[in-house]
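Just below is one structure, and these are the notes that go with it.
By convention in this document, chain letters (A, B, ...) are assigned in the order of the sequence lines, proteins followed by strands, and residues within each chain are numbered from 1.
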Number of protein chains: 2
Amino acid sequence: MSENYQKISEALVQIYSNILRIEENELRKSQFNNLTIQEMHAINAISMYDHKTASEVAKELHLTPGTLTLTINRLAKKGYVERIRSDDDRRIVRLGLTRKGRVEYRAHAAFHEKLVKKFLKGFNDEEVQVIYRALRNLEDFMADHS
Amino acid sequence: MSENYQKISEALVQIYSNILRIEENELRKSQFNNLTIQEMHAINAISMYDHKTASEVAKELHLTPGTLTLTINRLAKKGYVERIRSDDDRRIVRLGLTRKGRVEYRAHAAFHEKLVKKFLKGFNDEEVQVIYRALRNLEDFMADHS
DNA sequence: TCAAATAATTTGGTAATCAAAGTATATATG
DNA sequence: CATATATACTTTGATTACCAAATTATTTGA
């Protein structure tokens, strides 16, 4: 058990410290290599057809409104995102993906799906439940420390 | 199953995008609140008594030598790390933690241990094996994409 | 011996971020 | 209904973390 604990601890660190870099590698090799990782994550948070407000997206990404404005400026200039002024409250900016933005969104979703498939490969339903419970434990841990 | 898949996929994203922030929160609340997260990770990579070279640590952290030099400068000034010139090859700088650095190292290790304990809470040996296999799947995925 | 290689540092530039001030619009109250 | 306050976003002026390339010191090898 304690030996397993050690291995699991190391695996978690390894996974955590490498996954971002791998996402970045994939991005560099793809047709979207003019995007940075955080721009990609912003596209992801904006999501396909929700038209969330700038504030909502900023909150989701844990960014200040000012930082989000700058990110959206860049993404708009690169043609991935568009601002949609709300008519009923003209202070609000809603965000949408362009066609190009949606293509990138799907590409990233596909990468993520491959990752999850590999993660769960070779397990039956009962075992998947065990894995899910472990992840919920981690979510509880995070909730306790927020 | 596909419903589980969805939940697991979302949990992974949640965990991934929040864990760094939580580490940062803990750090802010601790006695080491003059450290940034990456400085803390550098302390971790330097580790207790290994006296690794600067190059080795840079590689481990996936940083260029120049960036590591700057990080070490800051950590030395703050009193966590010391440079040890090697006598047999005077180009080489070995890195060690000061007493203060070792205290911080242990504090972070304790945090990490709490996390892993919570992750594995309530599982028997067999179930822990399942979880470990899933993590190895992820490591395989990363190896395939490196 | 001295050219090439190696280890670290320095320098110049860019990304991403925040805090605080500013602008435009909406809401609430006296 | 006028105006003070609140809200949503943007702008500005920093700081931090990072990289690439040039530099310095030292070692190795031909």
Query raised in the report: For the base of C:dT25, is there a side-chain donor-acceptor partner from A:R90 under 3.5 Å away?
Result: no

Query - Residue A:L70, side-chain heavy atoms: nucleotide from D:dT27, C:dT25, D:dT12 that is nearest - result: D:dT12

Query raised in the report: Counting only Watson-Crick or G-U wobble pairs whose two distances fall under 3.5 Å, which nucleotide matches C:dA15?
Result: none

Requested in this report: Give one of base, sugar-phosphate or nothing for B:R74, where a contact means two heavy atoms less than 4.0 Å apart.
Outcome: sugar-phosphate

Query - B:L35 CG to D:dT16 C1', straight-line distance once rounded to whole Å - result: 14 Å

Query raised in the report: Are the charged groups of B:E104 and B:K100 less than 4.0 angstrom apart, N to O?
Result: no

Query raised in the report: Rounded to whole angstroms, how far apart are CG on A:N73 and C1' on D:dT12?
Result: 13 Å

Query raised in the report: Salt-bridged, A:K29 to A:E26, with N to O below 4.0 Å?
Result: yes

Query raised in the report: Is A:K117 salt-bridged to A:E113, cutoff N-O under 4.0 Å?
Result: yes

Query raised in the report: Checking all strands, does B:L63 fall into the base, sugar-phosphate, or nothing category for heavy-atom contacts under 4.0 angstrom?
Result: sugar-phosphate

Report task. Could you let me know what D:dA22 is paired to, Watson-Crick or G-U wobble, both distances under 3.5 Å, or none if it's on its own? Result -> C:dT9

Requested in this report: Quick one: label B:R83 by what it contacts on the DNA or RNA (base, sugar-phosphate, nothing), any heavy atom closer than 4.0 Å.
Outcome: sugar-phosphate

Report task. Take atom CG of A:D87 and atom C1' of C:dA26, then tell me their distance rounded to the nearest Å. Result -> 15 Å

Requested in this report: Ignoring the backbone of B:I92, work out which of C:dT25, C:dA7, D:dA17 is nearest its side chain.
Outcome: C:dA7

Query raised in the report: What's the NZ-C1' distance between A:K59 and D:dA8, to the nearest Å?
Result: 14 Å

Query raised in the report: Between atom CG in A:L61 and atom C1' in C:dT17, what is the gap in whole Å?
Result: 13 Å

Requested in this report: Give A:T71 one of three labels, base, sugar-phosphate or nothing, depending on what nucleic acid heavy atoms sit under 4.0 Å from its own.
Outcome: nothing

Query raised in the report: Of all the choices, C:dT9, D:dT10, C:dA15, which nucleotide is nearest to the side chain of B:R85 once you look at every atom?
Result: C:dT9

Query raised in the report: Just to confirm, is there a sub-4.0 Å distance from OP1 or OP2 of C:dA16 to any side-chain nitrogen or oxygen of A:T36?
Result: yes

Report summary line: Considering only heavy side-chain atoms of B:D89, the closest of D:dA17, C:dA16, D:dT26 is D:dT26

Query raised in the report: Just checking B:H41: base, sugar-phosphate only, or nothing, at a heavy-atom cut-off of under 4.0 Å?
Result: nothing

Requested in this report: Would you please test B:N34 and B:R74 for side chain to side chain donor-acceptor pair (under 3.5 Å) and show each step?
Outcome: CA-CA 11 Å; B:N34 67 334; B:R74 265 179 285 128; over 6 Å; no

Query raised in the report: Under 4.0 Å between a side-chain N or O of B:T67 and OP1 or OP2 of D:dC18?
Result: no

Requested in this report: Provide, to the nearest angstrom, the distance between the CZ atom belonging to A:R21 and the P atom belonging to D:dC18.
Outcome: 13 Å

Report task. Keeping the roles fixed (side chain from A:K114, backbone from B:F141), state whether a donor-acceptor pair exists under 3.5 Å. Result -> no

**Report entry** Conformer about C1'-N of C:dA16 - syn within 90° of 0, anti elsewhere
**Finding:** anti

**Report entry** Steps toward side chain to side chain donor-acceptor pair (under 3.5 Å) verdict (A:N18, A:R21)
**Finding:** CA-CA 5 Å; A:N18 285 311; A:R21 224 164 21 80; 2.3 Å; yes

Query raised in the report: Do any side-chain nitrogens or oxygens of A:T64 fall under 4.0 Å of OP1 or OP2 in C:dA19?
Result: no

Query raised in the report: Which nucleotide in the set D:dT27, D:dA8, D:dA17 lies at the smallest distance from any side-chain heavy atom of A:R91?
Result: D:dA8

Report task. Whole angstrom is fine here: how far is it from CG in A:L95 over to C1' in D:dT10? Result -> 13 Å

